[in-house]
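Hydrogens, waters and symmetry mates are skipped; everything else that's a heavy atom, side chains included, is used. Treat the numbers as computed from the prediction; the structure is a model and nothing was measured.
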4 protein chains.
Amino acid sequence: MLIDPKSPVPIYQQIASQVRLRIASGVYRPNESLPSLRSLAAEIKVNPNTVQKAYDELTREGLVESRRGSGLFVVDRAAAGATTGDEKRCQRELSEIIANALRAGVLPERIRTLFREALDGEVAASTRRAT
Amino acid sequence: MLIDPKSPVPIYQQIASQVRLRIASGVYRPNESLPSLRSLAAEIKVNPNTVQKAYDELTREGLVESRRGSGLFVVDRAAAGATTGDEKRCQRELSEIIANALRAGVLPERIRTLFREALDGEVAASTRRAT
Amino acid sequence: MLIDPKSPVPIYQQIASQVRLRIASGVYRPNESLPSLRSLAAEIKVNPNTVQKAYDELTREGLVESRRGSGLFVVDRAAAGATTGDEKRCQRELSEIIANALRAGVLPERIRTLFREALDGEVAASTRRAT
Amino acid sequence: MLIDPKSPVPIYQQIASQVRLRIASGVYRPNESLPSLRSLAAEIKVNPNTVQKAYDELTREGLVESRRGSGLFVVDRAAAGATTGDEKRCQRELSEIIANALRAGVLPERIRTLFREALDGEVAASTRRAT
DNA sequence: GTGGTCTAGACCACA
DNA sequence: GTGGTCTAGACCACG
């Protein structure tokens with residue numbers, strides 16, 4: 001794993017990104033365990049807390065799940081519903097819309113707000129539909 | 001602020017809950033700054049990292065946002081009405097993509113990450129394109 | 001000028017990068033003055049000190065120079081010697097070597113060290129030649 | 001450390017000079033940490049930001065480097081002997097490019113910036129490529 | 001605890 | 001008006 005301690009990008013985000021990539025590309029497969037906190041921390045020479053923070057983020061995203069006493073496992077997305085294909089398409093579409101908005105002069109900060117509102121709205125709507 | 005260190009509920013969650021309440025009830029108003037990490041930590045006698053973790057969660061939820069060098073502020077969800085046509089279109093498109101992704105089973109937290117990465121990438125690209 | 005206050009990349013570096021691009025692409029021409037600290041700060045809504053820090057960096061790189069009381073000016077590189085063509089070639093070559101080294105498994109930190117040594121050595125050698 | 005606040009030489013330059021001397025004379029040894037920002041600021045009774053500015057300059061010169069969360073360290077220029085063949089080749093190539101650039105009149109500080117940007121770009125690209 | 005970044009607002013020398 | 005320096009104090013990520 002390639003980490004640059006001098007980059008302004010926080011180390012825990014660098015770790016999270018790389019793990020995301022490895023999951024997406026199939027290097028880490030569903031129901032397989034991730035490297036342990038301590039082993040990964042030792043490998044890239046950072047504090048275990050830093051790795052923990054990265055794993056936290058991935059857990060919140062639903063990409064991995066912890067099984068008590070045995071480690072962190074890649075969730076089986078086929079069984080769960082969403083596929084990486086859906087995610088790739090989603091991001092491709094987001095990138096396109098964002099690029100258009102930036103070209104039209106909308107500020108990044110503004111786009112973030114629009115997104116936050118849209119997400120909140122859609123989550124609320126989908127929750128209503130589900131109940 | 002009232003914290004119960006004996007409770008099974010993690011302290012950082014107790015903090016987050018109380019701040020959420022205060023925002024919802026208008027004790028902390030939009031564009032107002034929250035108590036600083038260190039001051040709140042001192043007040044309730046916990047480690048600043050614990051407060052940090054609570055504030056992290058609120059940031060991820062979009063309730064507050066940090067402004068570099070000046071503090072954490074309650075997000076102003078009112079000052080958000082899309083004004084320009086470009087912005088309206090952008091938001092309409094975002095909503096559609098988000099709705100699709102949710103229907104496909106992608107988790108909201110995951111969509112947030114995909115968006116964040118897409119925006120970062122496009123901002124960087126547009127800077128590189130700049131003439 | 002497009003600035004993203006939420007990016008992990010420091011604002012002053014975003015500013016410096018964009019100004020570098022504009023100089024390289026001829027938007028800001030030799031012996032022309034840059035936007036004043038205060039006016040640029042007002043435009044992108046940051047503190048003048050932040051712009052100052054960016055201008056500092058450009059000054060140390062020899063891209064601009066301050067003329068007391070009247071502003072910052074793009075240095076005339078034709079008169080000075082170096083051309084942007086030389087610089088572009090230099091960076092293209094650096095990128096290639098770096099990419100090779102990374103592929104070979106050399107860590108970024110290590111490459112930085114190798115670079116530092118090489119630069120010091122060559123500066124010393126060129127100084128000796130000059131005297 | 002002796003500082004003269006009345007001198008026309010900026011305080012931060014006085015600090016930088018004295019630290020440079022102490023490194024050169026071996027008072028501060030490789031892999032040793034410098035006095036912390038705050039402690040040095042307290043000792044000579046200036047604002048921590050002023051010390052920071054001095055340390056900034058030394059960092060850019062490659063004399064010291066920061067290790068996140070633990071302090072500023074004198075760079076160990078001895079522990080730098082290239083070991084692997086890949087590293088040797090890398091450094092030989094770097095030296096050649098640098099020598100060319102210097103002959104073309106590119107300033108050392110400028111080369112440093114070009115290198116920094118090239119490395120950042122390649123690290124990011126390789127993360128994106130990661131399998 | 002550490003360094004790094006940012007803000008707010010001050011004062012200076014110069015033109 | 002310009003840039004350059006400095007102070008006071010904040011938040012941040014990391015160990």
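For the side-chain contact (heavy atoms from CB on, under 4.5 Å) with V51(B), the lone residue among I11(B), L37(B), D56(B) that qualifies is L37(B).
Heavy-atom distances under 4.0 Å link DNA chain E to no residue of residues 7-23 of chain D. For DNA chain F, no neighbouring residue in residues 111-121 of chain D is found when judged by any heavy atom under 4.0 Å. Of the residues in residues 50-62 of chain C, those lying under 4.0 Å from DNA chain E by heavy-atom distance are T50(C), K53(C).
The NZ atom of K6(A) sits 13 Å away from the C1' atom of dG3(E) (whole-angstrom rounding). Look at CD1 on I44(A): it is 13 Å from C1' on dC14(F), rounded to the nearest Å.
For the pair E122(B) (side chain) and I98(A) (backbone), a donor-acceptor distance under 3.5 Å is absent.
To the nearest 0.5 angstrom, R112(A) atom CZ is 4.5 Å from D4(C) atom CG.
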List the atom pairs, with distances to 0.1 Å, where a side-chain N or O of residues 62-72 of chain C and a protein N or O form a donor-acceptor pair under 3.5 Å, not counting sequence neighbours.
from: R67(C); atom 1: NH2; to: N31(C); atom 2: OD1; distance (Å): 3.0
from: S70(C); atom 1: OG; to: R67(C); atom 2: O; distance (Å): 3.2

Base-pair string, DNA chain E, Watson-Crick plus G-U, cut-off 3.5 Å on both distances, | for inter-strand, is ||||||||||||||.
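Considering only side-chain N and O atoms, S36(D) lies under 4.0 angstrom from the phosphate OP1 or OP2 of dT2(E).
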Letter by letter from the 5' end, nucleotides 9-15 of chain E scores (B base, S sugar-phosphate only, - none; protein heavy atoms under 4.0 Å) B----BS
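The nearest pair of heavy atoms linking Y55(C) to P35(C) is OH-O, 2.8 Å.
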